[in-house]
Trainee: 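Here it is: the structure, laid out below.
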Amino acid sequence: MSQSFSLDESQARRSRIVEAALWCFLNFGFAKTSMEDIAKRAGLSRSLLYRSFKDKDEIYSAAFEDWLVARRPLADEAAQRSGLLAERLLAVCRIMVIEPWSEMSRTAMGSEFLEVCSRIAPESEGRYRAALFECVNAILQDEASTTVFLLSLSGLTADGPATDVLERRAELLAARFTGFKGKAA
């Protein structure tokens with residue numbers, strides 16, 4: 001019983017750390033976030049922080065995974081539901097791209113979050129990109145079209161649009177890729 005309690009306590013501490021770290025990374029940037037910043041935000045001592053994570057890179061990877069890669073089950077569900085292809089495609093885009101974009105765009109350093117990932121946690125970024133690819137491919141059912149769709153989707157954020165603008169762009173892109181036919185699967 002006490003082992004279960006300490007496991008629950010450890011998981012709760014880890015969640016607090018990851019949530020605090022994400023906030024710090026989005027607001028201060030990776031380079032300017034210190035372990036002390038994360039510990040303070042999580043309401044923990046640095047020694048407790050180091051019991052859960054060996055360094056800032058490991059915390060960053062966990063924050064990325066918990067925030068973006070963990071969206072995969074919701075995106076899978078959206079991709080597999082019945083309905084118009086464009087609606088399903090847009091639902092996956094909302095879950096995996098638009099909602100995180102909305103959160104990132106409201107923070108001081110959110111724009112660098114994904115850029116830093118390729119350097120700090122390329123395996124996490126790879127899992128995120130693979131999850132997004134697989135969900136979109138489940139709808140489009142063509143790897144070449146999926147690749148072009150995702151490259152196009154990535155380009156929609158190049159000018160740092162407001163979330164509502166990104167949403168309208170993604171709607172248009174989804175409609176174009178599904179041929180305006182409104183085909184249901």
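Just so you know, these numbers come straight off a predicted model, no measurement behind them.
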Trainee: Which of these passes side-chain hydrogen bond (donor to acceptor under 3.5 Å, both in side chains) with S52: R16, R13, R14, Q11?
Mentor: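 Between S52 and the candidates, side-chain hydrogen bond (donor to acceptor under 3.5 Å, both in side chains) is satisfied uniquely by R13.
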Trainee: Enter the distance from R46:CZ to L48:CG here, rounded to the nearest 0.5 Å.
Mentor: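 That separation rounds to 12.5 Å.
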Trainee: Under a 4.5 Å cut-off applied to non-hydrogen side-chain atoms, are P100 and R71 in contact?
Mentor: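 Side chain of P100 against side chain of R71, heavy atoms only: contact under 4.5 Å found.
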Trainee: Go through it in stages, so that I can follow the logic: the residues are M104 and L26, the test is side chain to side chain contact (heavy atoms under 4.5 Å, CB included), and I'd like the CA-CA distance, side-chain angles, deciding distance and then a yes or no.
Mentor: CA-CA 7 Å; M104 285 186 287; L26 290 173; 3.8 Å; yes
Trainee: Can you measure from CE (M109) to CZ (F28) and round to the nearest 0.5 angstrom?
Mentor: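 Atom-to-atom, M109:CE and F28:CZ are 11.0 Å apart.
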Trainee: Search all heavy atoms of A138 against all heavy atoms of A79 and return the closest pair with its distance.
Mentor: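 Heavy atoms of A138 and A79 come nearest at CB-CB, 4.3 Å.
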Trainee: Look up atom NZ in K54 and atom CG in L49, then write down how far apart they are to the nearest 0.5 Å.
Mentor: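 Separation between the atoms: 14.0 Å.
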Trainee: Counting distance only, does the side-chain N/O of N27 pair as donor-acceptor with the main-chain N or O of W23 below 3.5 Å?
Mentor: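 Checking the backbone N and O of W23 against the side chain of N27, a donor-acceptor pair under 3.5 Å is found.
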Trainee: Would you find a donor on one side and an acceptor on the other, under 3.5 Å apart, between the side chain of K56 and the backbone of I38?
Mentor: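 Side chain of K56 to backbone of I38: no pair is present.
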Trainee: Measuring from atom CZ of R168 to atom CG of L166, what distance do you get when rounded to the nearest 0.5 angstrom?
Mentor: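 Rounded to the nearest 0.5 Å, the CZ-CG separation comes to 10.0 Å.
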Trainee: Any donor-acceptor pair under 3.5 Å linking the side-chain atoms of R51 with those of S47?
Mentor: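 Note: S47 and R51 side chains miss the donor-acceptor criterion.
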Trainee: Got a sec: does the CD of E112 have more than 12 other heavy atoms crowding it under 6.0 Å?
Mentor: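 Enclosed.
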Trainee: In Å and rounded to the nearest 0.5 Å, what is the CZ to CG distance from F149 to L132?
Mentor: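 CG of L132 is found 8.0 Å from CZ of F149.
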Trainee: Rounded to the nearest 0.5 Å, what's the gap from OG1 on T33 to CG on L22? Could you check?
Mentor: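 The distance works out to 10.0 Å.
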Trainee: How close do C135 and A75 get, heavy atom to heavy atom, and via which atoms?
Mentor: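 Heavy-atom minimum between the residues: SG-CB, 3.6 Å.
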Trainee: Do the side chain of Y128 and the main chain of M96 share a donor and acceptor less than 3.5 angstrom apart?
Mentor: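 The answer is yes, because a donor-acceptor pair under 3.5 Å joins these two groups.
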Trainee: Looking at every non-hydrogen atom in both residues, tell me the closest pair between R169 and L156 and how far apart they are.
Mentor: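 That closest heavy-atom pairing would be NH1-O, 2.7 Å.
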Trainee: Picking from L153, I139, I98, D76, what satisfies side-chain contact (heavy atoms from CB on, under 4.5 Å) with V92?
Mentor: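 Running side-chain contact (heavy atoms from CB on, under 4.5 Å) over L153, I139, I98, D76 with V92 returns exactly one hit, I139.
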Trainee: Between R72 and E134, is the closest basic N to carboxylate O distance under 4.0 Å?
Mentor: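 Looking at R72 together with E134, the answer is yes, because their closest N to O distance falls below 4.0 Å.
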Trainee: So do the side chains of K32 and D37 get within less than 4.5 Å of each other, counting heavy atoms only?
Mentor: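 SC-SC contact between K32 and D37 ruled out.
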Trainee: Does E143 offer a backbone N or O that forms a donor-acceptor pair with the side chain of T147 under 3.5 Å?
Mentor: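 At least one qualifying donor-acceptor pair exists.
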Trainee: Is it the case that one hydrophobic cluster holds both V148 and L173, taking links as side-chain heavy atoms less than 4.5 Å apart, direct or via other members?
Mentor: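 Yes.
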Trainee: I need the minimum non-hydrogen distance between W67 and E103, along with the two atoms involved.
Mentor: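 So the two residues come closest at NE1-OE1, 3.1 Å.
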Trainee: Examine distances only and state if a side-chain atom of R88 and a backbone atom of R81 form a donor-acceptor pair shorter than 3.5 Å.
Mentor: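 Such a contact is found between R88 side chain and R81 backbone.
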Trainee: Can you give me the closest heavy-atom contact between A63 and V18, atom names plus distance?
Mentor: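 Looking at all heavy atoms of both residues, the shortest contact is CA-CG1, 3.6 Å.
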Trainee: Output a table of donor-acceptor pairs, distance under 3.5 Å, between side-chain atoms of residues 113-124 and any protein atom two or more places apart or on a different chain; print 'none' if there are none.
Mentor:
| from | atom 1 | to | atom 2 | distance (Å) |
| --- | --- | --- | --- | --- |
| S118 | OG | E115 | O | 2.9 |
| S124 | OG | S61 | OG | 2.8 |
| S124 | OG | E65 | OE2 | 2.8 |

Trainee: Over all heavy atoms of both residues, which pair between R41 and C24 is shortest? Give the atoms and the distance, please.
Mentor: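 In terms of heavy atoms, the two residues are closest at CB-SG, 4.1 Å.
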Trainee: Can a salt bridge be assigned to the pair R94 and E167 using a cut-off of 4.0 Å between side-chain N and carboxylate O?
Mentor: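 Yes, R94 and E167 are salt-bridged.
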Trainee: Take a 6.0 Å sphere around CD of E77 and say whether it holds more than 12 heavy atoms from other residues, nucleotides or ligands.
Mentor: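 Not buried by this count: 12 neighbours or fewer within 6.0 Å.
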Trainee: Quick one: which of E125, R127, R129 gives a side-chain contact (heavy atoms from CB on, under 4.5 Å) with V69?
Mentor: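 Between V69 and the candidates, side-chain contact (heavy atoms from CB on, under 4.5 Å) is satisfied uniquely by R127.
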